[in-house]
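To find a chain, count down the sequence lines: A is the first, B the second, and so on, and within it residues start at 1.
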Amino acid sequence: MFDASVGLNHYLLLSVLLFVIGVAGVIFRRNAIIMFMSIELMLTSVNLTILAYSRYLGDHTGHVLVLFVFAVAAAEAAVGLAILVELFRKRDTVDVDRFRQLME
Amino acid sequence: MSWTELSYIAPILWLVAGGVVVLLLEAFVPRRDSDHLSIVSAVFLVLAGLSANTGLVRTSQSLFHGVLRADAFGSFFALIFVIIGLLTVSLGAVYLRRQSTPMPEFYVLVLFATAGMMLLASSTDLVSVFLSLELMSIGVYVLAAIERNSSRSQEAGFKYLILGAFASAFLLYGIALIYGTTGTTQFEVLGARMGGNAALAGNLVFWAGWGLIIVGVGFKVAMVPFHQWTPDVYAGAPAPVAGYMAAGVKAAAFAVLVRLIWTGMPLLMDKAAPLLMGFAIVTMTFGNIVALAQSNLKRMLAYSAIAHAGYLLVGVLAISGHADDAATRGILFYLAAYALMNIGAFGAVTFVSRRRGERSELAGFAGLARRHPWVSFFLAVCMFSLAGVPPTAGFWGKFYVFGAVIQQGMVGLAVIALLNSAVAAYYYLRVVVYLYMREPGEDAYIGDDVQASAAIGVAAILLLWIGLFPSSVLELARLGAAALARTF
Amino acid sequence: MEALFFYLFGGLAVITALVTITRRDAVTSAFWLIACFLNVAALFAMLSAQFIAVMQILIYAGAIMVFFLFVTMFLGEPRRVRLNRGRAIPLISTVTVLLLAYLLMRITNTQHRGFPSISDSYGSVAMVSRKLLVDYVFLFEVTGLLLLVAVIGAVYVARKPRTGVGEGEGHV
Amino acid sequence: MHPITVEYLRWIVLLPLGGAAFLGITNRRLPTVVVSLVASLTVLGSFLLSAQAFFALRALPTAGRLLTDRVYSWMPVGDLRIDVSFMVDPLTAVMILFVTGVAFLIHIYSIGYMKGDRGYQRYFAYLNLFVGMMLILVLSDNLPLLFVGWEGVGLCSYLLIGFWFEDLANSAAGKKAFLVNRIGDFGFLLGMLLIARTLAGKVGGENLFSFAVMAQHTSLLAPVATAIGLLLFMGATGKSAQIPLFVWLPDAMAGPTPVSALIHAATMVTAGVYMVARMNFLYVLTPTAMAVVAVIGALTALVAATIAVTQDDIKKVLAYSTVSQLGYMFLACGVGAFGAGIFHVMTHAFFKALLFMGAGSVIHALHHQQDMRYMGGLRSKMPVTFVTMFAAMLAISGVFPFAGFFSKDEILYNTFLDSKVLWAIGYAVAGLTAFYMTRLLALTFFGKSRVDEEHVHEVHESPLSMTIPLMVLGVLSLIGGWIGWPHFLGGSNRFETWLAPVFRHGMEGEAMAHGAENAVHASAAAHAALAHGAETAVHAGGSTELALAVASLALALLGIAVGFVVYLRRLDVAEAARRAAGGRLYWLLKGKYFVDEIYEALIVRPGYWLSDIVFFRFTDAGLIDGVLVNGTARSLGILGSVLRLLQNGMLRWYAYSFTLGVLVILFYLVRHL
């Protein structure tokens with residue numbers, strides 16, 4: 001039984017939208033924390049793609065992959081925010097445009 | 001998860017065990033210095049090295065329901081990573097000794113990240129690729145930021161992490177698309193489905209998946225335009241870590257790239273070759289041109305790392321998928337040599353550095369040969385190897401890779417690569433000019449550490465030894481390449 | 001009915017996501033992101049991924065975002081980190097982002113397919129955990145290692161340096 | 001025919017390398033005597049072993065003259081088996097004998113010349129390393145090992161040029177040398193890879209780079225022979241300073257004078273000629289590449305000779321003279337007379353090393369004065385230097401019976417058979433050579449002393465360690481050519497006969513390549529070279545050869561005579577000519593010595609136009625300096641500085657360019673699927 005109205009491509013397109021919003025957040029925002037959150041948004045949108053495909057394939061590998069992505073996201077967030085806190089202590093800002101000690 | 005299966009991944013288990021032991025030692029047997037930890041780490045690395053490559057020469061064993069594969073390809077990289085790990089640990093010990101605060105986590109992270117590299121090189125499942133890539137990366141993010149007192153180090157770690165996570169999202173997207181269109185994440189099944197499926201060959205989503213995976217892996221190998229992190233992170237991270245990244249992360253990422261290319265042969269190469277060729281040309285040319293303008297050794301090495309990624313991509317393009325593939329052999333050999341020369345070169349920075357501030361300006365190396373003839377000689381060997389001058393290992397790497405490229409009929413590409421390496425000689429040579437032919441200035445660097453010079457010496461002597469007697473390493477590389485041919 | 005829910009949650013997810021990346025201050029952003037994740041969790045549930053949907057709420061919207069909020073507040077936001085408007089770069093980057101959206105949509109829009117019917121047990125805890133703990137049990141262990149590395153790293157970086165040598169050089 | 005294995009060949013290489021290692025490791029800690037002894041005795045040992053190899057070879061029948069020493073299998077995997085393996089055949093025997101011999105003399109000379117220098121030990125370490133590398137180059141039985149020596153001598157040359165690194169210009173010159181050589185090496189490497197591609201998998205697991213295997217499979221190589229030949233020749237132009245890569249050599253003269261003598265006159269620069277001669281079986285397959293070699297050689301000879309006429313720096317004159325003589329050698333190879341080319345390599349090594357060391361002796365005596373305008377009248381003060389350099393001058397000018405006469409004559413004769421135009425160029429160069437060498441002698445040793453008043457009384461002959469090598473080389477410059485005493489003078493040209501087995505393939509191949517109508521002519525050349533063969537061919541060529549020899553001898557004597565007349569008697573005329581010619585010419589020559597009006601009209605002005613405008617200013621200063629050397633470095637460096645602005649440290653820009661990369665990939669996929 002196929003649902004005629006909402007199919008795989010709907011989920012994929014929605015996922016693209018969310019992903020690109022995440023990319024835009026990374027490119028546009030100077031606030032390191034918001035930048036970080038945009039990356040989380042990108043990961044979530046990919047999760048949506050994975051689950052849509054999983055549902056389409058009737059396979060559970062995608063579910064497992066999503067769980068692993070959760071773990072990875074948590075790990076990246078933990079390390080990233082820890083480094084950010086330290087950077088903030090030294091530079092007194094979270095403006096990524098001012099993290100420019102290293103250049104050229 | 002049987003014992004047999006576990007025995008195949010013994011090197012990884014040794015490293016994890018080593019990491020845990022170091023962690024416990026640090027917690028329960030605290031000491032002012034951390035030299036004992038470096039020794040423990042080295043012991044476990046050696047154990048990992050000894051346990052690698054046992055009985056894998058002629059077999060290719062699928063492990064854990066197709067997640068990993070134990071074969072000579074993986075064990076070749078396991079050996080490279082063990083050597084990289086050992087040199088990094090010994091240079092790191094020198095670096096740690098200078099710091100005012102103890103940072104025993106260095107060893108733990110090196111051990112775990114090395115385990116991640118080994119996993120990556122043996123992965124035969126996209127899920128496993130993603131996870132082991134992250135295991136390696138997260139360790140390296142922290143390593144890059146390990147110098148707590150230096151905001152440069154932490155900026156390096158942060159930039160690497162943000163861009164790395166950004167790249168991971170693209171990689172994951174690619175994995176998702178390939179999983180969706182083929183219904184599998186396992187390399188073997190994937191290869192089989194690609195082989196006999198005309199619909200897949202015309203499926204845009206499927207190819208977009210491959211494209212995004214190349215983006216993700218391209219980020220790790222510093223392919224232009226995904227390279228931007230490289231100079232900043234190499235410059236900001238402590239020299240032993242930068243060397244570890246240049247050598248290890250690049251080798252691991254190329255390992256997985258080569259495995260993927262083999263999986264998708266020949267369909268993948270047909271479609272992706274022009275694209276990869278463009279990236280390869282841009283990558284090596286950009287890296288070399290910008291490296292010409294650098295006055296800081298670490299930054300120069302960063303751009304040189306980009307250029308070398310280009311050369312290696314040229315090699316990847318020449319992979320034919322036939323048994324006894326010359327290009328794969330060349331890439332493996334090249335990576336082994338490349339790892340040694342980078343660790344040696346970054347080791348020289350470790351050698352001259354001080355507690356406050358790292359020293360890597362080229363001007364400071366002026367006349368180093370008068371004060372430290374041996375270290376200068378070793379560094380010069382690394383530079384000549386990077387430039388591809390015989391009889392160093394770097395020459396054979398280039399010889400093999402470019403030879404395979406010409407054998408595949410891509411003469412134009414080989415010409416570009418060779419011209420690039422001719423230009424590159426200029427900036428590698430400049431280091432030697434500084435070492436031997438410049439008067440030392442007032443702020444000329446001096447070093448005093450025996451352990452650091454020994455580590456650089458090991459790298460340089462190995463480079464010379466491999467250059468003079470390349471057969472053993474090449475035989476290992478041949479077995480590694482053959483393992484891929486037999487499997488898929 | 002399903003279409004209605006899809007457009008409702010999907011639309012809300014997009015809107016909340018857009019709001020997330022346009023807020024001036026990170027705390028507000030974080031709240032909107034949590035809202036976005038809740039909508040996405042609903043979409044997960046519609047895809048018969050009930051277990052993942054629950055995890056999305058508990059881990060993502062719950063644990064990870066709370067962590068973000070905690071750090072953001074700890075840093076003492078807001079620090080007048082604004083959106084930079086009126087420069088040349090954002091215009092070009094807007095075009096780039098739109099192009100990326102266009103290309104990705106054009107690519108994924110080739111999949112004009114509905115969903116096949118599946119058994120009721122699809123997406124259940126039992127099925128997922130069988131996959132996770134049988135086929136992918138090794139990677140499950142690797143995940144443990146990954147989290148261990150993250151914990152070691154985070155603790156190391158954020159911990160006050162133990163100035164064992166008494167150099168007093170440790171930064172505040 | 002099985003080659004005979006003799007294990008001492010490796011020691012010819014290992015002795016100097018071991019010496020270099022020893023001197024390098026005990027950095028600056030040994031007494032001078034020990035350094036001198038270690039450095040020179042290792043080279044002497046190599047010389048003795050080379051002599052042993054030579055005599056062992058001579059005792060063998062002509063067809064079986066091959067000694068090998070396979071040290072180990074270097075690269076045993078797959079299609080590309082490469083050995084570290086040395087061989088001595090007649091060609092190599094000649095090379096190692098004069099390389100080690102001249103090197104030994106230069107070591108002795110250096111003991112005196114470098115006395116008291118701070119970097120004494122380092123200097124000898126480099127010198128020994130150089131000799132070892134050069135020996136690897138000539139002893140190697142395959143291309144990759146030859147390439148090791150090839151790169152190795154380049155490296156040592158670079159180290160030795162930059163030896164006095166306090167002078168920044170020196171290390172710049174070293175850099176230039178290295179870079180130009182890298183451009184050449186690029187060609188060499190590419191040629192080598194092309195050979196691998198052509199032969200891989202078709203020669204049955206043999207060492208496909210070994211000269212013997214390649215020579216056996218010329219039919220496989222024939223389709224790509226032109227490409228390979230030209231690429232390898234590109235390497236040779238870099239190493240042997242031919243157009244367009246000749247610019248580094250004159251600059252390389254910044255190093256210590258014995259280094260110039262050893263590296264930039266006697267040994268390293270001849271590596272290109274040696275390589276072309278060694279690959280003769282390949283070159284004869286491709287008339288195109290041969291023609292290119294010959295034309296480049298002839299042009300280089302001419303251009304360099306015209307430049308040499310106008311130089312004031314004594315070492316610069318010799319440098320351009322070297323470039324010119326190297327052109328001769330390539331001309332010989334290009335017309336198929338490989339034996340004559342190698343013969344000239346050898347005789348040139350004697351007299352050019354002598355000229356450099358004599359010049360070094362003068363410079364030494366004059367406290368590092370290199371400008372000939374401030375010399376003159378040294379004849380009586382430095383008799384040994386004068387006499388030996390005079391002999392060398394006669395030799396390079398091709399005066400009978402000095403060494404140069406025989407080799408140059410043979411080259412010109414063979415060129416005459418091949419192309420009258422190239423012969424005319426070579427003939428003109430012979431006259432020019434005699435003229436500028438006479439000029440050098442006249443300005444340095446004759447006339448009134450123009451030496452600085454302060455130093456004029458201190459000028460004295462150099463110590464024995466410097467003059468003895470001069471005397472030995474002086475004798476060799478006289479008699480060194482006699483082993484190639486030609487048939488038309490009643491000799492038996494033993495040199496040609498000796499080398500004939502090596503170039504046998506070549507001669508046969510050339511006969512094939514020239515096709516039917518040329519076959520007669522080519523085989524005539526082959527027979528002439530084989531010499532002991534067809535008596536008639538020799539006889540037929542004999543009268544022509546004699547006529548040519550007389551003509552070139554006459555021209556040489558004329559050149560010498562004019563040189564002496566102008567620079568000893570008619571300096572006033574030259575002075576007047578300078579004023580008449582205006583400031584432009586003054587600017588050109590940057591000195592006060594001018595050639596006679598006739599010469600100016602006939603040779604210097606066209607020569608100046610050719611050499612300075614076309615080649616020096618455009619090619620050297622503009623194209624080579626501006627584009628290739630500094631160009632690649634500087635303009636790429638500028639480009640690099642611009643590109644590195646992309647690396648602005650802005651995380652968001654990095655993410656943005658990353659996204660652009662993703663766009664490129666996706667766009668490509670959408671367009672191409």
Side-chain angles (χ1 to χ4, degrees), chain A residues 8-9 12 15-16 19 22-23 26-27 32 35-36 38-54 56-59 61-62 64-69 71-73 75-91 96 98-104, chain B residues 125-128 130-131 133-135 137-139 141-142 144-145 148-186 205 212 229 231-237 290 293-294 296 299:
Chain A
L8 175 61
N9 63 322
L12 295 186
S15 161
V16 167
F19 189 82
V23 172
V26 174
I27 294 179
M35 213 173 184
F36 222 128
S38 303
I39 291 174
E40 300 293 336
L41 184 59
M42 288 166 73
L43 289 175
T44 301
S45 78
V46 178
N47 283 347
L48 188 60
T49 298
I50 296 170
L51 288 175
Y53 270 124
S54 261
Y56 175 75
L57 297 162
D59 180 56
T61 310
V64 174
L65 180 52
V66 170
L67 284 175
F68 288 147
V69 174
V72 167
E76 277 177 353
V79 171
L81 291 174
I83 297 176
L84 186 62
V85 167
E86 278 301 299
L87 256 184
F88 179 79
R89 279 185 186 156
K90 294 189 180 67
R91 306 267 179 94
V96 289
R98 289 167 69 186
F99 295 163
R100 285 179 71 186
Q101 236 176 19
L102 302 166
M103 56 186 285
E104 281 179 25
Chain B
D125 186 310
L126 289 173
V127 181
S128 166
F130 180 71
L131 265 184
L133 191 86
E134 288 296 330
L135 174 61
S137 300
I138 289 178
Y141 297 150
V142 182
R148 257 184 312 216
N149 297 332
S150 154
S151 63
R152 289 170 59 86
S153 171
Q154 293 197 318
E155 183 180 323
F158 184 72
K159 279 183 172 171
Y160 190 28
L161 185 138
I162 288 283
L163 288 172
F166 192 61
S168 286
F170 282 95
L171 174 72
L172 188 66
Y173 210 150
I175 291 174
L177 295 184
I178 287 184
Y179 164 66
T181 44
T182 60
T184 185
T185 54
Q186 303 217 330
V205 179
L212 291 174
W229 57 277
D232 287 4
V233 176
Y234 281 18
V290 185
Q294 300 302 320
N296 180 308
R299 281 203 166 262

Name the region of [X], side chain, backbone, both or neither, that has any atom closer than 4.5 Å to a heavy atom of chain A.
| X | value |
| --- | --- |
| B:Q154 | both |
| B:T185 | side chain |
| B:L131 | side chain |
| B:L172 | both |
| B:A145 | side chain |
| B:L135 | neither |

Is the backbone of A:M42 close enough, under 3.5 Å, to the side chain of A:S45 for a donor and an acceptor to pair up by distance?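 Checking the backbone N and O of A:M42 against the side chain of A:S45, a donor-acceptor pair under 3.5 Å is found.
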Would you say the side-chain atoms of A:K90 pair up with the backbone N or O of B:R152, donor to acceptor, closer than 3.5 Å?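 It does not hold such a pair.
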Pick whichever of A:I50, A:N47, A:V64 has the most heavy-atom pairs under 4.5 Å with chain B.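 The residue among A:I50, A:N47, A:V64 with the greatest pair count is A:I50.
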Can you tell me which portion of [X] sits under 4.5 Å from chain B's heavy atoms? Options are side chain, backbone, both or neither.
| X | answer |
| --- | --- |
| A:L87 | both |
| A:S54 | both |
| A:V85 | neither |
| A:V79 | both |

Taking every non-hydrogen pair under 4.5 Å, which of [options] racks up the most with chain A?
| options | value |
| --- | --- |
| B:L161, B:V205, B:N296, B:L177 | B:L161 |
| B:A169, B:G164, B:G157 | B:A169 |
| B:A176, B:A156, B:S137 | B:A176 |
| B:A165, B:G236, B:G183 | B:A165 |

Are B:Y160 and B:Y234 an aromatic pair by the rule of ring centers under 6.0 Å?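 Not under 6.0 Å, so no.
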If we only count heavy atoms from C-beta on, is the [X] to [Y] side-chain gap below 4.5 Å?
| X | Y | answer |
| --- | --- | --- |
| A:F19 | A:T44 | no |
| A:V26 | A:V23 | no |
| A:V16 | B:Y173 | yes |
| B:Y179 | A:L65 | no |

If the condition is side chain to side chain contact (heavy atoms under 4.5 Å, CB included), which residues does A:L8 pass it with, not counting sequence neighbours?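 Counting only residues at least two positions away or on another chain, A:L8 forms a side chain to side chain contact (heavy atoms under 4.5 Å, CB included) with A:L12, A:A52, A:Y53, A:Y56, C:Q111, C:F115.
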Would you call A:E86 and A:R89 a salt bridge, using N to O less than 4.0 angstrom?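 Salt bridge present between A:E86 and A:R89.
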A:D59 versus A:T61, closest heavy-atom pair with distance: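 Heavy-atom minimum between the residues: OD2-OG1, 2.6 Å.
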